[in-house]
Amino acid sequence: MSPAHPVNTVNPENTVSPVSPVNPVNPVNAPTFAELYGRPAEGEWAAPGRVNLIGEHTDYNLGFVLPIALPQTVRAQAARRDDGLLRLWSAQGRELVELRLADLAPGAVPGWAGYPAGVVWALRDAGHEVGGADIRLDSDVPSGAGLSSSAALECAVAAAYDGLYGLGRSASELAQLAQRAENAFVGVPCGIMDQMASMCCRPGAALFLDTRDLSARQVPVDLAGAGLALLVLDTRVKHDLGDGAYAALRAGCEKAAGLLGLPALRSLEPAGLADALTRLPEELRPLVRHVVIENARVEAAVAHLDAGDLPALGPVLTAGHASLRDDFRVSCPETDLAVEAAVAAGAHGARMTGGGFGGSVIALVDTGRADHVAAEVTAAFRTAGYAEPRTLTATPAEGARRIR
Ligand code: ADP
Ligand code: MG
């Protein structure tokens, strides 16, 4: 099966007449839904990317996370089909992919279309009687930047299907179906944070999520009121070892939990850490130390937010980065330099966000210093010979919703 041949990807030999492939387009001149599919959309849904304030590599250990949704979203315009076909077009993927629902199976759809197709597969596999659809996707979530464009894509499609087919599923149910699409259909062993963030975040708040039972609390984050801004510095690097390394780290955490007789590392309290470490092989100790203390960092961060002491978040972020760099070892020279340069330029704190091996760094800064901090990080990158980072400002935005 060739990823270079997008039409009828699942079953190249099938008898369905292929839709003409759409040539690469300039997004400004991108075809409309009606131009693609010859009819209007029934509605449009949006789902955001996210940055995680703190709580990294804790979700698959059933611990705590604290993400906010970004204003940047994936949008899905969609209309139902009753002929068993799913047609997908993305202004970023720039190709029309036509799939037969009957052929959807884990691993069968290569490339970007696997994420939306996986959601439809997960819905059907869970017993929801949904048919096909025509879907047009567009996005301003940077892809592959650690800002979770993949979950935004899944959640936009999950919300669209929920609306189109009147399923009435809860946000957390749709998030779990979207995660299943990424785990089982695409084959990425991610935790639940990204999908829960994209589905459940609220404007002006961080989502304090306990990934063990998916209970969550919206914690107000009034950055502007505190005279603060959250810079997102996209290093534009994604180191290849990331994919395999993520699975290996996850396996290491699960192995450690097993050796300790625990269902997950979440069950280990900081008070029991020192003793637990003596019972583990040396190579697993730093992983466990990170996860246990990182969970405590999430609780500390929430306490600072509840107390309205936002600057106190800064050192928590920086300590979290040191742990990801030295213990969990998922940072890289570019993210380390961005953190170091941001803090040296006066940020209250900074850390890499997302799975690591590249991606983005967040920096908590006084509003008046935001430009200075961004300029200093850019200058440090230039000196190091790295590509110029892309800078966004994150304000806690709304989770997945219908927009039209
Ligand atoms: P992240 O989720 O951090 O952005 P991932 O590697 O998990 O990084 O997901 C990026 C992938 O998601 C892309 O390679 C692409 O396959 C898919 N993707 C994201 N946004 C879009 C989009 N707008 N159109 C098509 N595919 C997309
Ligand atoms: Mg992703």
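Not measured: the values here are computed from a predicted model. All ligand and atom numbering here is 1-based and tracks the order in the structure. These values consider heavy atoms only, across backbone and side chains, with no hydrogens, waters or symmetry-generated copies.
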Quiz item: Charged N to carboxylate O below 4.0 Å: is that the case for Asp234 and Arg236?
Solution: no

Quiz item: Between the side chains of Gln92 and Asp138, does any donor sit under 3.5 Å from an acceptor?
Solution: yes

Self-check item: Per-atom contacts, ligand 1 versus Ser90 - under 4.0 Å to a heavy atom
Solution: 22 (C), 23 (N), 24 (N), 25 (C)

Practice problem: Measure the distances from the heavy atoms of Gly354 to every atom of ligand 1 and state whether one is below 4.0 angstrom. | Solution: no

Quiz item: Looking only at side chains, do Asp336 and Ser331 share a donor and an acceptor under 3.5 Å apart?
Solution: yes

Self-check item: Arg217 with Asp306: basic N within carboxylate O range, under 4.0 Å
Solution: yes

Practice problem: Using distance alone, decide if ligand 1 has a nitrogen or oxygen within less than 3.5 Å of any nitrogen or oxygen in Gln92. | Solution: yes

Quiz item: Any idea which heavy atoms bring Ala30 and Glu35 closest together, and the distance?
Solution: O-OE1, 4.4 Å

Quiz item: Is the closest basic N to carboxylate O distance between Glu44 and Arg136 below 4.0 Å?
Solution: no

Quiz item: Going by the order shown, which atoms of ligand 1 are within less than 4.0 Å of some heavy atom of Ser148?
Solution: 1 (P), 2 (O), 3 (O), 4 (O)

Quiz item: Could Arg202 and Glu398 be called an ion pair, given the rule that one side-chain N must be under 4.0 Å from one carboxylate O?
Solution: no

Quiz item: Would you call Leu137 a ligand 1 contact, heavy-atom distance under 4.0 Å?
Solution: no

Self-check item: Cationic N near anionic O, under 4.0 Å, Asp134 to Arg87
Solution: yes

Quiz item: How far is atom 14 (O) of ligand 1 from its nearest protein heavy atom, and which residue and atom is that?
Solution: Ser143 OG, 4.0 Å

Quiz item: Which of the listed options, Ala91, Gly114, Ser150, Ser139, holds the heavy atom that is closest to atom 2 (O) of ligand 1?
Solution: Ser150

Self-check item: Ionic contact status for Arg285 with Asp327, cut-off 4.0 Å
Solution: no

Quiz item: Which residue supplies the protein heavy atom nearest to atom 21 (C) of ligand 1, what is that atom called, and how far is it?
Solution: Leu153 CD2, 4.0 Å

Quiz item: Among the heavy atoms of Leu147, does any lie under 4.0 Å from an atom of ligand 1?
Solution: yes

Quiz prompt | Check: Gln77/Trp45 side-chain N/O donor and acceptor closer than 3.5 Å | solution = no

Practice problem: Examine Gly144 against ligand 1 and note whether any of their N/O atoms are separated by less than 3.5 Å. | Solution: yes

Self-check item: Shortest protein heavy-atom distance from atom 12 (O) of ligand 1, along with the residue and atom involved
Solution: Tyr115 CE1, 3.7 Å

Quiz prompt | the Mg ion (ligand 2) contact by Ser148, N, O or S atom under 2.8 Å | solution = no

Self-check item: Identity and distance of the protein heavy atom lying nearest atom 5 (P) of ligand 1
Solution: Lys238 NZ, 3.9 Å

Exercise. Report yes if some N/O of Ser149 lies less than 3.5 Å from some N/O of ligand 1; otherwise report no.
Key: yes

Self-check item: Interfacing atoms of ligand 1 (cut-off 4.0 Å, heavy-atom, Gly146)
Solution: 3 (O)

Quiz item: Numbering the atoms of ligand 1 from 1, which are under 4.0 Å from a heavy atom of Trp112?
Solution: 15 (C), 16 (O), 25 (C), 26 (N)

